[in-house]
Amino acid sequence: DLKERSGIYDHELCLCRKNGSAIEAAVFFLQEQGDLVLDYIWCAPKKQVALCSLLAQAARRISSRAEDGWLYIAAVEPQIGETVTRLFPQREIIRRYYCAAYEMV
């Protein structure tokens, strides 16, 4: 599935952490009708630190792209709100919007 959709992935935001030939963690973002979507996230057992490092790297790259200092993230599940806050500490989360977007899904 990843190979078939490779043309729509944002290659700067497809990140992988390896130790030799073993993959420790990976994240893939795609562009979908102008939106940036976190499409795939994975880590090997006990490699959560590697995954968090990749997410932080992606967060820095995404933040540098934000127009006029604003970054809009939609349809965040309630339990993920805290993670978004950690990844983007300078961002304000408008909880009403996220709850509404989550309820619409």
Side-chain angles (χ1 to χ4, degrees):
D1 186 43
L2 294 174
K3 191 173 184 177
E4 290 175 9
R5 299 168 68 185
S6 67
I8 59 174
Y9 279 104
D10 185 315
H11 295 285
E12 183 184 356
L13 294 173
C14 290
L15 306 171
C16 181
R17 174 76 40 94
K18 291 174 67 175
N19 184 2
S21 62
I23 297 175
E24 294 183 343
V27 294
F28 294 90
F29 288 80
L30 58 83
Q31 290 284 341
E32 191 172 80
Q33 299 175 355
D35 294 331
L36 188 61
V37 178
L38 176 56
D39 186 58
Y40 179 79
I41 183 171
W42 176 86
C43 73
K46 300 182 181 179
K47 296 298 179 181
Q48 293 88 344
V49 172
L51 178 61
C52 289
S53 175
L54 289 180
L55 289 171
Q57 184 179 349
R60 287 189 300 275
R61 290 180 182 187
I62 292 168
S63 291
S64 70
R65 295 179 179 185
E67 295 179 19
D68 300 327
W70 287 97
L71 177 65
Y72 299 93
I73 303 171
V76 174
E77 295 178 356
Q79 65 269 27
I80 300 300
E82 187 176 323
T83 302
V84 172
T85 301
R86 288 181 186 165
L87 291 174
F88 301 100
Q90 302 303 316
R91 304 296 177 201
E92 176 184 356
I93 294 181
I94 304 169
R95 298 208 180 275
R96 286 180 298 149
Y97 176 79
Y98 290 110
C99 290
Y102 178 70
E103 290 170 2
M104 289 171 39
V105 176

To the nearest 0.5 Å, atom CD of Gln57 lies from atom CD1 of Ile62 at 11.0 Å
Decide yes or no for Val37 and Gln31: does some side-chain heavy atom of the first lie under 4.5 Å from some side-chain heavy atom of the second? no
Any chain of hydrophobic side-chain contacts (each under 4.5 Å) joining Val49 to Val27? no
SG-CG distance between Cys14 and Leu54, expressed to the nearest 0.5 angstrom: 11.5 Å
Keeping to residues at least two apart or across chains, list the salt bridge (Lys or Arg N to Asp or Glu O under 4.0 Å) pairs with something in residues 11-31. Glu12-Arg65, Glu24-Lys47
Of all heavy-atom pairs between Ala44 and Ile23, which one has the smallest distance, and what is that distance? CB-O, 4.0 Å
So do the side chains of Asp10 and Leu30 get within less than 4.5 Å of each other, counting heavy atoms only? no
Measure the spacing between CG of Asp39 and CG of Leu13 and express it to the nearest 0.5 Å. 12.5 Å
Atom CZ of Phe28 and atom CD1 of Ile41: how far apart are they, to the nearest 0.5 Å? 11.5 Å
